[in-house]
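One structure is given here, and the rest of the page talks about it.
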Amino acid sequence: MQRGSTLEQLPTGVDAQRAAIESAQKALGSIILGKQSQIRLALSCLLARGHLLIEDLPGLGKTMLAQSLAKTLGLSFRRIQFTSDLLPADIIGVSVFRQERGEFEFQPGPVFSQLILADEVNRATPKAQSALLEAMEEHQVSVDGETRALPDPFFVVATQNPGDQIGTFPLPESQLDRFLMRVTIGYPDQESERELLAGEDRRLMLNDIEPVTDPETLLALQTSVRKQKVSDALIDYVQALVRFTRESADIEIGLSPRGAQALIAAARAHSFIEQHAGVFPDDIQAVFPSVAGHRLKPAGSTRFRSPHELCQHVLDSVAIP
Amino acid sequence: MIKAQPRGTDGRLLSSLPWTLGALGVSLAPHVLYLPVWISAAFLVCGLWRYAIEKRRQMLPSRWVRGALALLCFLGVLGTYSSVSGVGPGSALLAIMASLKLLETRRRRDQFVLLFISIFLVMSSLLREQYLWSLPYLLIGTLIIMTAWLQMSAGASQTARRSFSTGGRLLLYAAPLAIAMWILFPRLASPFWAVPIDSSRAKTGLSDTMSPGDISSLSQSDEVAFRVRFDGDIPEPRDRYWRGLVMTKFNGRSWQGSEPQDARLRADEIEYAGDAFSYEVTLEPTQQQWVFAMDMPREWSLSRTLMGPQQQLWRITPIEQRVAYNVVSYPSYRAQASLAKLFRGWYTAVPENSNKRTAELARSMHELAGSDAAFIDAVLAKFNNEEYFYTLQPPALGSNPVDRFLFDTRQGFCEHYASAFAVMMRSAGIPARIVLGYHGGEINPMGGHLIVRQSDAHAWTEVWLEGKGWRRVDPTAAVAPERIEYGARDAAFEGFGESWGFNAPTELLQNLTMAWDVLNANWNDWILGYGPDKQNSFMKWLGMEDPDWRKMLLSLVIIVIVLILAISGFMMLRNRPPKKDRASRLYLKFVKRTGLELQIGETAQKFSKRAAAENKLPKETIDAVTNAYLEARYGVREDAAVIRLNDALRSIP
């Protein structure tokens, strides 16, 4: 029966989506040990169609996280190592003259992949940075006056090393805003580190991972995420948070309306992963440090030393309506 | 080797300096008219100089230069006023020192000091005068200073518009407090402090000598002398003679008020008859002692006020502030039916060597007329029938002014006629004296009161007739009857309108003038005239029995507390959390049951973990309530979840 089957398909569809996410989480967790919340955040970011900035010291698994994300989700993956001599054409691609055919042919650059790892993004010149960031914003690139759409899904994971000072071009605030989230990975705990040291080489393990979804499923997931319920009570909470960031003496520049939108989008994805009936304040609180951390400009006189502390202060100061 | 660089300004104050200068300028504005020009100029110079220093990153003038300038300016004020106390020198000193302070304004803190000074300057303008327009000036001035203040303390990101609206809001919040203070702060009959009166200020009004030309110069002044509110009908213009001072001594040129002393109470020598008029006069400050009342006053309410030997009212202390008093007057009266011989000589004295032609004329006319009464009529008829003119621009009269006026120029204002008439009477042996005061006045149809202006100043004569006492004779009425019938303003002067630029006022203009006068009268009555008496009766009207300063202070304190509570209550109401829905109310009940308290920023899930860890309720119940609550508030099927939440709550024993 035609009608009966559609009715039955819908719940199984959602179940299949949920199952896919769970297995993706599990697969990622087996490679990146003890970093469940970071994995959840990275997945949330991806499901919310946002781009991710990972900021941490070398050797903490930034690249590994990006690579395993691509692998588990079955996305085409390219890595761009940002250096000071990187040119925009190295990212976007160039038109090459084909003598035999007597015409130009476009050689797509690494940006034409579904998941891009922009490694050490702050090492490149602003010109190269902005080529990538423009592509992130527009989901398309223009080469030789021709507009070329980027693949869908299109997901950029950029990494940067906060310790590097010399020879870097830190991203300006306006460009940081293009990233939905900024996460830090941090050192693993004792147990996970032990398991890591005793276990197999992660690079080899990466080869064995089977994709748990395909790009089509991912697009369907992204659509489902956008349907997660956001109640009036939750919007009240978001508004209270945003207002607090604008009025607090510790914060010079508070969250913009775009920042608030990003907060809700990320929380939607998070609540979907957590299989919540709607977006809960817990989802907001879970994504708040990563979404708001790089968007708030702390006041010079603030006593909070890191963006994370500042965000936690905001969460601890705003009552949930 | 590094040499210490002289420290110039760093341009940090460049953006806020115009605000400081603006605030100072606004606060100095009402003083400019009274201050010597060099002080205003010094302010401008200091302001521009300071701005240029900041703009060019130059050094501020050295301590020695500033000290020398301060000394110079102090001496300048001392030289200008020959004193440094009092309103005039005080505000001059304040203004000049504020200007000099600009030259040592190095930091933001100094700018705030300047703003303090400008607020003080704004307030000190009230020591000079408190007109109706002082109120808008005070409000706008304070608002501008507040804006400057907020602008300076808020930093660059604040827009002037926002500072302005914040300042306005702050003033608005303060308004109820200010009004309560104004109403309730105890007014004392004799204040502990006294504001020194600015004696340098020229005051238009009558003075205690009268020379030809004195009153005609007053006739150009629109300034209000006093306002009168009658209890019943307003008397006819011909009866509205407002008696001021009486002058008895003539030196050939001018009349003076020196008078024979007599200990007897003059009020006893007056017989009153007929109907009385009862009215209230609101007298503008004159700095003189005379109290104006319509002929002939019998009762008056002003304290420390006596009737002088010539039936004029005067107060022991000069009238330095606006006063209001009630008077009962009788237009029909007989004053001093008998006059002692000694006084007759006094009242008929004229200097021998002046105005001889007048004296001769008077004696011959008196002989011709036969009786005193007929002689008076004859003189009035002479003024009426012969070519005498009533004019505001009389020619100069020289050393024998009465002779010259009577025989040559024949043009004059009321004081010429009064003076000539009195001299003629005295020359013929009839006691005569001159009364100076106001005549007529304009009825304000909107306020129903009478406005008497300086232009209504008038001089007339009184002659003493045996058995009849002092009788008023107004020679001006013989020359220009319309002056007496309609008042000085409306009296038809040929060429007067053109030469003075006045034209018949249009009705609209007239109405506006009258409305403005009503506003002023009420302002004077209720705002400026709010003294101990008015406060007392107002407190009684409010229901306070036996008001005294303790009760008023107590009510003031209570009102201040109530106001603070009300304003903070209003703020709390505005910022209160939104009304809880049903799910929240049920959940809060649950939180109460656990015996724990929900912390700020604690989500339901975190709370459930904490509650489970503390083992307050069975974990299943906690989870059931939490899940139902989360779904009810944030999920899709709220109604069903609310029912589940309710059920889960009921299951708690």
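The sequence lines fix the lettering, A, B, ..., with proteins before strands; numbering per chain opens at 1.
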Checklist entry - Most heavy-atom pairs under 4.5 angstrom with chain B, which of A:A240, A:S271, A:G278? => result A:G278
Next on the checklist: Heavy-atom cut-off 4.5 Å, strictly under: side chain, backbone, both or neither for A:L315 against chain B?
Outcome noted: backbone
Checklist entry - Checking A:S317 against chain B: side chain, backbone, both or neither under 4.5 Å from a heavy atom? => result backbone
Item to check | Pairs meeting criterion salt bridge (Lys or Arg N to Asp or Glu O under 4.0 Å) with involvement of residues 176-189 of chain A, two or more places apart | outcome: A:E55-A:R182, A:E137-A:R178, A:D177-A:R258, A:D177-A:R295
Next on the checklist: Please check if the number of heavy atoms outside A:E191 that lie under 6.0 Å from its CD is greater than 12.
Outcome noted: no
Checklist entry - What do you reckon, is CZ of B:R162 surrounded by more than 12 foreign heavy atoms closer than 6.0 Å? => result no
Next on the checklist: Just to be sure I understand the criterion: a residue of residues 598-613 of chain B counts if one of its heavy atoms is under 4.5 Å from a heavy atom of chain A. Which ones qualify?
Outcome noted: B:I600, B:G601, B:E602, B:T603, B:Q605, B:K606
Next on the checklist: How close do A:I320 and B:Y634 get, counting heavy atoms only, and between which atoms?
Outcome noted: CG2-OH, 3.7 Å
Checklist entry - Is B:M123 atom CE crowded by more than 12 heavy atoms from other residues, nucleotides or ligands, each under 6.0 Å away? => result yes
Checklist entry - With sequence neighbours left out, what residues match A:H313 under ring-ring contact (aromatic ring centres under 6.0 Å, His included)? => result A:F244, A:F304
Next on the checklist: Looking at B:Y173, I want to see if its OH is surrounded by more than 12 non-hydrogen atoms of other residues, nucleotides or ligands under 6.0 Å.
Outcome noted: yes
Item to check | Any pair counted as salt bridge (Lys or Arg N to Asp or Glu O under 4.0 Å), so long as it reaches residues 222-234 of chain A, sequence neighbours left out | outcome: A:K229-B:E638
